[in-house]
Every structure is written in C-alpha cells, then in structure tokens.
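Quantities reported herein were computed from a predicted structural model and do not represent experimental measurements.
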Amino acid sequence: MRDVRVQELSSHDGEQVRLKGWVYNLRGKGKLLFLLLRDGSGICQCVVLKNELGEEAFQVAKGLTQESSLQVTGTVKLDERAPGGAELKVDGIEVVQIAEPYPITKKEHGPGFLLDHRHLWLRSKRQMALMRLRHRVVQSFRDFLDGEGFLCVDSPIFTPNACEGTSTLFETDYFGERAYLSQSGQLYAEASAMALGRVYCFGPTFRAEKSKTRRHLTEFWMLEPEMAFADLDDVCDLAEGMLRHTISQVLERNAQDLADLEQDPARLEGWNRAFPRLPYDDAAQLLLQWKAEGKYESDFEPGDDLGAPDESMLGEHYGCPVMVTHWPAAVKAFYMKRDEQGRALGVDIIAPTAGEIVGGAVREDDHDVLLQRIQEHQLPVEAFQWYLDLRRFGSVPHGGFGIGVERTVSWLSGVEHVRECIPFPRTIQRLSP
C-alpha cells in the first residue's frame, strides 16, 4: 500500500493508496458519504459507499466528527470537479481518534475568539493556504539569494546595543548586564559581509512599538541581505529581483492557495514588472498634488516620513511596488550614507495594499563620519566600537536591505492584517496562545 499526500493524488490515477489526515467536513445521507480529508498539503474528497465499505465500517464513518484523525485507503480517480482535481473511492477506514466537539464552527466568529484559538484556527482552509504561501515566500527569498552567491550567516538575537536607538527595544537582564532583543540583524550582517562578501541573515526581530495598525507586529520575521562593494542601484536591483522571483514562484506553485484565499493571480502578474524608482522629492510633490486635488487626506509635508495613507496612494497610483529613494537624512537611521546633497542613500519599497515591505540603504563606510553620527544620536560609542572597526580594517562601499516576511505574505495573499500571516502573532495586546 502506497502512502501519499493529498497534493500528490493527481499523479496516482487508478492506483490504490492510503491517506492520513483529519476530517475537514462530512456530509451525505443514506448509503453515500462525502468525507473531506485534510492532511496539510490539501483537501481531498473521499467517497464512501456503504455497499463497498460494509455496514460496520460505514457506521464508523458516519460517526466521525470534525477534526477526527484517521487513515483511509482507496482508489484514486481524477475528477476536475473535485478539490485538487482528484478524489478517493474509499475501501477502508482506520480511526486514530474521535475528536471532541470542535470549538470553531461554521458560524461567524470574531477575531478575538479566533486568535484565542489560533492553535486550532490554523487548521482552516484559509489559514493553511496562508502558511503554505508563507513557506513559499521564505523559500523563494532564500533560493534567489543562494543563486546570487549569498551565504546565510545569522545574526544574534541578544544584542548589547540598539541598531536605531533604544526607544523601540525590549530590554532584558543578561546575567547582570543590560541586553536587548534584536530589532535588526543588519549591523552583524555587515560584519559578516566584510568576511564573505555576500550574506543574509534570517530570523525573528522585535519592536516595542505601541502600534495597533493592521501592518504591525511586536515579533516578526525579517530577511536581511548585505553585500560588499555595492551602491544604491545594486541594492535596488537585488531587492527587485528577489521580489519578482518570489511573485513568479507563487504564481507557478501556489495556484490552489491563491484560489483558497480568493486572490486573483492577475493581480500578481500585474505586479511582476519593472518597479518604478523615484526620489523622495518627486514622491513628495506627487503627494502634495494629490492632497491639493482632494484625492486623499494626510498630514504629510515635505521632509516627513511617509505614513500609511501616503504609502497607499503611491502604491495605488503605480499599481505595482514602487521604490522611493534619496530620503531626507533626518527621517533615516544614523548608519545610512549620504550623497552630495545631504540625502540619505536609502530605498523603501512600497507595495500596493501592504505599504513598506523593504527598507534598505548604502551604509556609511567612513569611520570618522560614522563616529560623528553615533555621537550626534547620543549612542554609546563603546558599544559600537566593533561596528566602527569595520571602517578601520578594509572598509568598502556596501549596502543591503531588510524585508518583512509577514507584510510580504499579506501583500501577495490579499489578506489585510499581518496577524494572519504568522503562525502565532504577537502584538501589544496578545502574548498567547
């Protein structure tokens, strides 16, 4: 007997196989039952006939409850009408466990209830599709970078200093010393890049922002490439290439998940084109013009960082991810290199519906300039001495970016809130389950 997963059924037409999974739904009457079985890779319709299964086994099948675990054997039959394009004609059922009454029913549940039961909510069709899509996004990021000669060299989560100041950091006691949960692996990735040329780190990051928007999490996952001998164009090219590769992979390999999420593939296809690039000053003029024309409301003024309404307008206007470059230095981090006009050589990629998904820059490579910036921001010079060493021993132009996994999944899936785009979300109001 061959054990297969639901996603593999279409390649086993006419064969007898065994599926292992859980009851997603059960319906039917008389001598016919339609059992929907899920195994994480998809959902299969299992056709149960009393005449073929026998009285005793058929009664067992009728008594199955939602999320009961079982193994079913039968013959695969291709059917375009069935979920996944194939169904199973059942000839045997082995029950592993009959589940108790399931708390998540077909009735409408509020987000609070669903998040309290997140450990069970993950089993729904929409949430399973999101987790598979999340996996594809992460895999595509890494595959693209690996193909470009990058090495994964992860950064520590405990850090003795802040990357961009301590106002949004979680502080903790580290054997009698003050330490912080990392808000970015970038600084350590810079050190790794000076050793290996092209690197990326990938892991959880923590921001103690008291934000309650649909785009914010307290704990989220970020991938951060860093490369030596790079300018702003190199950073932009790498980010665009990685995102377009990811879009292509999702379209090619996650069609059923997009369907389960009711996300039109044509939208993703429309995003898979050259990303417009415009300096901050040009973006600011567009925003001021749209405000004057009454197209949207915002408090934005030239020199300000972009807020959610401003990002949304830019994304909607271009209809694809847009790169905003050459920022006012006052709204960017101390480590960003500046051009002759004093602008920070940074780039934010703003995606339609999701806002900023990428933040990157060329890093300041001059020791004395970087030291001055650290002092201007009143950061502890001693804590950054190792970072300054990178400018003392073989400094080169270099740059990179960070990309949030959850915002990327939110954008590609069409799911509005990032709390659904991570298995167990952490926000300022939620620490469980």
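- Remark: aromatic rings of H109 and W121 are distant, center separation not under 6.0 Å.
- Proximity of L187 to F384: side-chain heavy atoms (C-beta onward) are separated by under 4.5 Å at one or more points.
- Annotation: the span from L223 atom CG to F141 atom CZ amounts to 6.5 Å, rounded to 0.5 Å.
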Report task. List the steps, then state whether side chain to side chain donor-acceptor pair (under 3.5 Å) holds for Q16 with D91. Result -> CA-CA 9 Å; Q16 190 176 44; D91 58 32; 2.6 Å; yes
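- Atom-to-atom distance recorded for I350:CD1 and M323:CE is 11.0 Å, nearest 0.5 angstrom.
- The CG atom of L33 sits 8.0 Å away from the CD1 atom of I93 when rounded to the nearest 0.5 Å.
- R343 and D339 are joined by a salt bridge, as a carboxylate oxygen and a charged side-chain nitrogen come within less than 4.0 angstrom of each other.
- Put simply, the side chain of P397 does not reach to within 4.5 Å of the side chain of D231, judged on heavy atoms.
- By the 30° and 60° cut-offs, the orientation of the rings of Y387 relative to F334 is perpendicular.
- The neighbour count for Q378 CD, taken as heavy atoms of other residues, nucleotides or ligands under 6.0 Å away, does not exceed 12.
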For a quick test of your reading: what N or O donor-acceptor pairs under 3.5 Å do the side chains of residues 399-409 make, sequence neighbours left out?
unit_1: E406; atom_1: OE1; unit_2: W221; atom_2: N; d: 3.1
unit_1: E406; atom_1: OE2; unit_2: R134; atom_2: NH1; d: 2.8
unit_1: E406; atom_1: OE2; unit_2: R134; atom_2: NH2; d: 3.0
unit_1: E406; atom_1: OE2; unit_2: W221; atom_2: N; d: 3.4
unit_1: R407; atom_1: NE; unit_2: R215; atom_2: O; d: 3.0
unit_1: R407; atom_1: NH1; unit_2: E356; atom_2: O; d: 2.8
unit_1: R407; atom_1: NH2; unit_2: R215; atom_2: O; d: 3.1
unit_1: T408; atom_1: OG1; unit_2: G404; atom_2: O; d: 2.7

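- Remark: K291 engages E301 in a salt bridge, criterion side-chain N to carboxylate O under 4.0 Å.
- E420 and Q127 share a side-chain donor-acceptor pair at under 3.5 Å.
- Atom CZ of F158 is surrounded by 12 or fewer heavy atoms from other residues, nucleotides or ligands within 6.0 Å.
- Atom CD of Q289 is surrounded by more than 12 heavy atoms from other residues, nucleotides or ligands within 6.0 Å.
- Heavy-atom contacts from other residues, nucleotides or ligands closer than 6.0 Å to CD of E100 number 12 or fewer.
- A salt bridge links R391 to E190: at least one charged side-chain nitrogen sits closer than 4.0 Å to a carboxylate oxygen.
- Enclosure of atom CZ in F424 by more than 12 non-hydrogen atoms of other residues, nucleotides or ligands within 6.0 angstrom is indicated.
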Report task. Go through the steps for E226 and S192 under the test side chain to side chain donor-acceptor pair (under 3.5 Å), then give the verdict. Result -> CA-CA 8 Å; E226 199 72 29; S192 299; over 6 Å; no
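- No side-chain donor-acceptor contact under 3.5 Å links D348 and Y280.
- Separating the CZ atom in R426 from the OG1 atom in T218 is a distance of 9.5 Å, to the nearest 0.5 Å.
- Remark: R198 is not positioned above the aromatic ring of Y200, lacking an NZ or CZ atom under 6.0 angstrom from the ring centre and at most 45 degrees off the axis.
- A salt bridge is absent between K20 and D39; no separation between the charged side-chain nitrogens and carboxylate oxygens falls under 4.0 Å.
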Query raised in the report: Checking side-chain contact (heavy atoms from CB on, under 4.5 Å) for the pair V235/V347: CA distance, chi angles, key distance, verdict?
Result: CA-CA 8 Å; V235 174; V347 56; 4.1 Å; yes
Report task. Could you check L19 against V4 for side-chain contact (heavy atoms from CB on, under 4.5 Å), going step by step and ending with a plain yes or no? Result -> CA-CA 6 Å; L19 292 177; V4 301; 3.8 Å; yes
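- With a 4.5 Å cut-off on side-chain heavy atoms, D365 and K337 count as touching.
- Here the side chains of I104 and F113 are in contact, with some heavy-atom distance below 4.5 Å.
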Report task. Could you check L70 against L37 for side-chain contact (heavy atoms from CB on, under 4.5 Å), going step by step and ending with a plain yes or no? Result -> CA-CA 9 Å; L70 69 158; L37 180 143; 4.1 Å; yes
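- Looking at R373 and R338, their side chains come closer than 4.5 Å, going by heavy atoms from C-beta outward.
- Between H317 and W290, the two ring planes are tilted [angle within 30° to 60°].
- Contacts of Q285 classified as side chain to side chain contact (heavy atoms under 4.5 Å, CB included), with partners at least two apart in sequence or in another chain: L288.
- Atom CE in M227 sits 4.5 Å away from atom CG in L238 (nearest 0.5 Å).
- At a cut-off of 3.5 Å, with distance as the only test, no side-chain donor of D79 or Q45 sits close to an acceptor on the other residue.
- What you find for V153 and C201 is that their closest heavy atoms are O-CB, 3.5 Å.
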Requested in this report: Start with the C-alpha distance between D260 and I43, add both sets of side-chain angles, then the distance that settles side-chain contact (heavy atoms from CB on, under 4.5 Å), and finish with yes or no.
Outcome: CA-CA 11 Å; D260 289 344; I43 296 174; over 6 Å; no
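- When side chains are defined from C-beta on, Y102 counts as touching R123, because their heavy atoms get closer than 4.5 Å.
- Side-chain contact between L169 and T159 is absent, with no heavy atoms from C-beta onward closer than 4.5 Å.
- Counting heavy atoms from C-beta on, the side chains of L243 and I357 come closer than 4.5 Å.
- Enclosure of atom CD in E262 is not indicated, since only 12 or fewer non-hydrogen atoms of other residues, nucleotides or ligands lie within 6.0 angstrom.
- E148 contributes atom CD, which lies 11.0 Å from atom CE of M242 (distance to the nearest 0.5 angstrom).
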